[in-house]
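Contents: one structure, followed by commentary.
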Amino acid sequence: MASTLFDKIWAAHVVDSMPDGTVMLYIDRHLVHEVTSPQAFDGLRLSGRSVRRVDATVAVADHNVPTENRAAGIAEPESALQVSTLERNVREFGVPYIPVTDWRQGIVHVIGPEQGFSLPGMTIVCGDSHTSTHGALGALAFGIGTSEVEHVLATQTLLQKPAKNMLVRVDGRLPAGCSAKDIILAIIGLIGTAGGTGHVIEYAGEAIRALDMAGRMTVCNMSIEAGARAGLIAPDDETFEYIRNRPHAPKGDALDHAIEYWRTLVSDGGAHYDKIVVLDVGALPPQVTWGTSPETVVPITGRVPDPADIQDDDKRAQAIRMLEYMDLTPGQPLAGTKIDVAFIGSCTNSRIEDLRAAAAVARGRRVASHVRAMIVPGSGLVKLQAEAEGLAKIFTDAGFEWREAGCSMCLGMNPDRLRPGERCASTSNRNFEGRQGPNGRTHLLSPAMAAAAAIRGALVDVREML
Amino acid sequence: MEKFDILEAVAAPLPMANVDTDKIIPARFLKTIRRSGLGAHLFEDLRYQVDGKENPDFILNKPQYRNAKILIAGRNFGCGSSREHAPWALLDFGIKCLIAPSFADIFFNNCFKNGILPVTLTEIECKALMTDAESGSNARIIVDLKAQAISRPDGTVYTFEIDTFRKRCLLGGLDDIGLTLEHGVAITEYEAKSYADPWRPRIELI
């Protein structure tokens with residue numbers, strides 16, 4: 001029978017099945033961070049269990065880590081306790097750990113692929129919904145809760161039912177000024193935040209094939225914002241080249257044999273999808289969100305919608321609340337909306353390619369005087385590379401803050417937060433109420449668009465600045 | 001995990017779509033290293049005003065709903081992050097059952113791991129329960145997991161679907177990990193075969 005990429009990876013990981021269709025699924029990689037793991041390690045201790053496969057597990061702190069003056073440690077006591085608890089747990093259970101002061105430290109979803117921990121064909125989990133990022137390599141990668149973190153630590157398996165298959169085919173050639181972020185925002189705008197619920201999305205088509213690995217990670221990263229369990233892309237030569245020479249990837253003969261297997265990881269012709277969505281991005285304008293749900297996407301050339309035009313009662317009520325929260329008026333053009341902060345970073349957009357795109361816009365320009373603009377690389381190694389390429393200098397010359405790796409202003413867990421009422425052009429993944437700090441206002445957009453907004457001091461169509 | 005069989009309780013109506021996990025428990029409260037105590041911050045930004053005082057208009061602050069054990073919610077409840085702190089906060093507050101037209105996947109899954117029953121009913125059934133819930137403490141709803149049935153105050157009964165395995169775990173308060181480890185041999189056999197795969201090298205960190 002013809003199988004999808006998801007079906008193939010799933011089948012290769014079934015350890016046992018129960019009569020009701022629940023499957024014991026083997027997990028190849030478990031990435032652990034400080035926020036969702038303390039209670040899981042406690043659970044192991046209480047029941048006298050150990051970590052079954054320390055050689056399939058790796059831990060790093062990212063959410064709580066301050067992004068400046070790393071040598072000073074973590075000032076906030078609760079954050080410091082969470083990180084020191086992780087350090088104590090990895091020592092006690094023998095889990096490989098990348099310390100906060102190590103150059104390899106960074107956002108878990110950046111360093112997984114960067115270090116070669118995440119590879120095609122694998123099942124990869126982490127107590128974080130943006131684990132879908134690793135699907136860009138052709139892996140089945142998904143977020144889990146803390147009980148499941150404990151389950152994987154103890155058994156290296158999860159009890160799961162198969163997801164449904166969804167194909168999102170993206171045709172056309174992406175125009176200048178647009179990036180992977182605009183593609184995924186457009187997809188979420190089209191299918192909605194529950195459009196992928198119960199499904200694993202496979203992204204395919206000309207526009208996806210043309211993306212570099214960083215772009216594919218951006219697309220897969222936000223699958224969860226469309227409600228999908230995971231997102232993935234069939235591995236190809238671009239993927240194999242990316243993997244070659246990664247520290248923890250197979251080398252030599254082992255790599256050749258691995259690639260031989262990875263080439264079988266494509267959906268068969270005639271494979272069944274429960275849902276198919278097609279869009280053409282040949283004329284896509286840069287995208288931006290106006291509300292507090294990632295589905296509230298409009299082109300930068302567009303306007304804030306009028307709730308009066310929305311038929312569905314729930315959606316209209318939600319739109320009214322969102323406009324009030326975001327302090328926007330119906331019909332107002334997005335372009336020209338004044339911002340206070342620009343944030344370039346997060347597991348969605350903090351890789352070297354993202355920083356290059358932002359630097360191309362920032363080069364020789366100045367951040368608007370009323371704007372606080374931050375660049376937060378996804379890992380210590382991205383930071384080093386950006387400094388070596390001269391990107392850091394472009395940013396600091398332009399008046400951007402150049403910071404240490406971490407989750408930073410994507411979520412309000414570390415010192416990088418919006419103040420109440422501040423409006424932020426952000427390359428992160430969620431614009432929920434309070435996400436970047438209580439009463440902060442978030443517009444999601446691409447790195448190039450965020451850099452453009454920082455310079456103009458307002459949301460702007462980056463194509464005017466190319 | 002506490003067993004779930006029959007629950008008769010007051011239901012609180014929360015007629016909002018797409019209630020995300022940041023709304024249920026904002027990220028700044030995820031710094032705890034324990035499971036308990038999060039109920040105080042459940043729906044923090046909706047429940048409290050900027051000055052820290054309770055928002056009297058928020059449903060769970062109204063006297064008749066302070067002891068609600070059931071929440072009737074809008075579609076796509078629990079979307080967003082994988083934080084189990086969301087079901088922990090609900091449970092710590094006292095919510096044992098959620099009823100909505102749809103839930104986000106990870107949140108839905110996390111509920112079962114904590115003895116919370118999330119029930120999916122049609123939009124029409126949810127609207128009717130929402131109306132019942134608006135009558136406050138006069139309207140008690142009965143959730144019977146064994147019968148997979150929900151009884152409204154007027155006696156109308158709605159039935160719901162649930163996975164056999166999840167139902168068994170909730171009814172028995174069973175520990176997933178213990179059940180899985182009973183299959184330890186199958187895991188060991190799988191691993192013995194997979195060790196040779198060149199595409200899943202072991203991690204050795206230096």
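Computation of the quantities below employed the complete heavy-atom set of this structure, encompassing side-chain atoms and omitting hydrogens, waters and symmetry-equivalent molecules. Sequence lines set the chain letters: A, B, ... in the order given, protein chains first and strands last, and positions in each chain run from 1.
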Sort [X] into side chain, backbone, both or neither according to what part of it lies under 4.5 angstrom from a heavy atom of chain B.
X: A:Thr193; answer: both
X: A:Glu34; answer: neither
X: A:Pro247; answer: neither
X: A:Met18; answer: side chain
X: A:Gln115; answer: neither
X: A:Ile144; answer: backbone
X: A:Gln156; answer: side chain
X: A:Tyr97; answer: backbone
X: A:Gln82; answer: both
X: A:Asp102; answer: neither
X: A:Ala317; answer: neither
X: A:Ile243; answer: neither
X: A:His63; answer: neither

Verify the distance criterion only: is there a donor paired with an acceptor across the side chains of B:Asn110 and B:Arg83 at less than 3.5 Å? no
Write out, in numerical order, the residues from residues 27-41 of chain B with a heavy atom short of 4.5 Å from a heavy atom in chain A. B:Ala27, B:Arg28, B:Leu30, B:Lys31, B:Thr32, B:Ile33, B:Arg34, B:Arg35
Between A:Leu411, A:Asp253, A:Thr197, A:Thr57, which residue shows the highest count of heavy-atom pairs closer than 4.5 Å to chain B? A:Thr197
Smallest heavy-atom separation, B:Thr21 atom then B:Gly78 atom, equals CG2-O, 3.6 Å
Any idea which heavy atoms bring A:Tyr325 and A:Gly440 closest together, and the distance? OH-O, 2.8 Å
Just one of B:Phe112, B:Trp88, B:Phe77 clears the ring-ring contact (aromatic ring centres under 6.0 Å, His included) bar with B:Phe107, so which one? B:Phe77
Are A:Arg53 and A:Asp55 ion-paired here, with the side-chain N under 4.0 Å from a carboxylate O? yes
If you measure from the Lys or Arg side-chain nitrogens to the Asp or Glu carboxylate oxygens, is any gap between A:Arg229 and B:Asp105 under 4.0 Å? no
Flag the one option from B:Glu189, B:Glu191, B:His183, B:Met16 with the top tally of heavy-atom pairs under 4.5 Å to chain A. B:Glu191
Residue part contacting chain A, namely of B:Lys113, when any heavy atom lies under 4.5 Å: both
Applying a strict 4.5 Å limit to non-hydrogen atoms, the region of B:Pro201 in contact with chain A is both
Over 60° means perpendicular and under 30° means parallel, so tell me whether B:Phe108 and B:Phe103 are parallel, tilted or perpendicular. tilted
